[in-house]
Number of protein chains: 2
Amino acid sequence: MNIGEVSGRSGLPTKTIRYYEDIGLIHPNRSGNGYRAFSETDLHKLVFLGRARALGFSIEDCRTLLALYEDDSRESAQVKAVAQGHLAQIDAKIAQLRSMRETLSTLVASCQGDNRPDCPILRDLAGAADDQK
Amino acid sequence: MNIGEVSGRSGLPTKTIRYYEDIGLIHPNRSGNGYRAFSETDLHKLVFLGRARALGFSIEDCRTLLALYEDDSRESAQVKAVAQGHLAQIDAKIAQLRSMRETLSTLVASCQGDNRPDCPILRDLAGAADDQK
DNA sequence: ATAGGGCTTCCAGTAACTGGAAGCTCAAGG
DNA sequence: CCTTGAGCTTCCAGTTACTGGAAGCCCTAT
């Protein structure tokens, strides 16, 4: 399989696939003409990577997960630990965004949004202390 | 004021302050010795930037907001539009994270996390199709 | 022979800093 | 007066995970 076909089947851009090879996530063979020659196994790994990335795992997490995937003597606890760590980070991120969202939506609601210069949003940014008026 | 004092008063690292000057967000004067000489106005701008960044606005949004802040003839509608745009992005991000969180927490819950190799998380990553068994 | 599309590599840029190196300035102590 | 150390300066590189673009080879069809 050439890179174009693998790209179509995995849903990953060719650029990304080459990048994954660069950083050592996959190791496709080469044909005589210098083209990458992907095996079904390579394709499966790319699909795996695509799914893991879609769930927000970092590349380094993906590297770990892929190694575990290929290690028949892995313990599922190792996989679970990685996933739980990532889940905790997602929760932290969500909490942070919710906090921002709350402040921001309050500010947006308090702004008239008309042609006058007075704006509670700017007032808040200029100094949280100046709450009122 | 030297950069150290401004850093302390604004809560921003000196590195960040220099970076903000590099990209043209602030324009502090220079003393005879080559040190940056910050005015109270510079400090206020930095506090403004720190708050805006804390709310997740991009640097480019910050640039826009700062310009509006300094423009006495601004219309609050302009500010509100920027804030609403950002709010929409935050909502999109939260939705994405929640979706990831849901999938991931289901997977984590289904994994025994023991010393055996069998793992539903890896099974899912390897191909969403292989749901059961 | 030539045109095109796919493949190759390599370089640069993205967002917003952060760390580190080399070197100048300033205030205090001996 | 000299030294020491903190604080300041600039510049370069690295971070994350790609993405775009340039220059050029390969293969197939006309």
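Here the structure is a predicted model, which is why all the values come from computation and not from measurement.
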Shorter than 3.5 Å, N or O on both sides, protein versus nucleotides 1-6 of chain C: list them out with atom names.
residue : atom : partner : partner atom : Å
C/dG6   : N2   : A/Y35   : OH           : 2.7

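A/N33 places its CG atom 13 Å from the C1' atom of D/dT28, with the value rounded to the nearest Å.
To the nearest 0.5 Å, atom CD1 of residue A/I26 and atom CZ of residue A/F48 are 13.5 Å apart. To the nearest 0.5 Å, atom CD1 of residue B/I17 and atom NZ of residue B/K15 are 12.5 Å apart.
B/V6 pairs in a side chain to side chain contact (heavy atoms under 4.5 Å, CB included) with only one of the listed residues (B/L12, B/L43, B/T14, B/D42), which is B/L43.
Under the salt bridge (Lys or Arg N to Asp or Glu O under 4.0 Å) criterion, A/E102 pairs with no residue at all, not counting sequence neighbours. Every residue two or more places apart in sequence or in another chain was checked for a salt bridge (Lys or Arg N to Asp or Glu O under 4.0 Å) with A/R18, and none qualifies.
Annotation: proximity of residues 8-25 of chain A to DNA chain C (heavy atom, distance under 4.0 Å) is found for A/K15, A/R18, numbered in ascending order. The stretch residues 37-48 of chain A does not touch DNA chain C, since none of its heavy atoms comes less than 4.0 Å from the strand. DNA chain D is contacted by no residue of residues 85-96 of chain B, taking any non-hydrogen atom closer than 4.0 Å. DNA chain D lies under 4.0 Å from no heavy atom of any residue of residues 61-69 of chain B.
Using a 4.5 Å cut-off on side-chain heavy atoms (C-beta onward), A/S39 and A/N29 make no contact. Residues B/L25 and B/I59 meet the side-chain proximity criterion, which asks for heavy atoms closer than 4.5 Å. Taking the side chain as every heavy atom from C-beta outward, A/S76 and B/D118 never approach each other to under 4.5 Å.
Here salt bridge (Lys or Arg N to Asp or Glu O under 4.0 Å) pairs that include residues 54-77 of chain B, with residues two or more places apart or in two chains, are B/K45-B/E70, B/E60-B/R63. For residues 29-38 of chain B, the pairs satisfying salt bridge (Lys or Arg N to Asp or Glu O under 4.0 Å) are B/E21-B/R30, B/E21-B/R36, with sequence neighbours left out. The salt bridge (Lys or Arg N to Asp or Glu O under 4.0 Å) pairs that include a residue from residues 84-99 of chain A are A/D91-B/R101, where partners are two or more places apart or lie in different chains. Sorted by first and then second residue, the ring-ring contact (aromatic ring centres under 6.0 Å, His included) pairs involving residues 86-115 of chain A (not counting sequence neighbours) are A/F57-A/H86.
Smallest separation of non-hydrogen atoms from A/I90 and B/L97: CG2-O, 3.8 Å. Closest heavy-atom contact between B/L125 and A/L65: CD1-CD1, 4.1 Å. Shortest non-hydrogen contact noted between B/C62 and B/L49 is CB-CD2, 3.7 Å.
Ionic pairing of B/D114 and A/K80 is not present here: no N-O contact between side-chain nitrogen and carboxylate oxygen is shorter than 4.0 angstrom.
Direction change of the helix axis from one end of the helix from C/dA1-D/dT30 to C/dG30-D/dC1 to the other is 40°, with five pairs defining each end axis (rounded to 10°).
When each of B/F57 and B/G32 is assigned the nucleotide of DNA chain C with its nearest heavy atom, B/F57 is the one assigned upstream, toward the 5' end.
For A/R30, whose side chain is taken as the heavy atoms from C-beta onward, the closest listed nucleotide among C/dC17, D/dT9, C/dT9 is C/dT9.
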Criterion side chain to side chain contact (heavy atoms under 4.5 Å, CB included) on A/L55 and B/L107, from CA distance to verdict
CA-CA 11 Å; A/L55 287 178; B/L107 289 176; 4.1 Å; yes
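Side chain of B/N33 to main chain of B/Y35: a donor-acceptor pair is present (N/O by atom type, distance under 3.5 Å, no hydrogens or angles).
Between B/R36 and D/dT9, a side-chain N or O to OP1/OP2 separation shorter than 4.0 Å is present.
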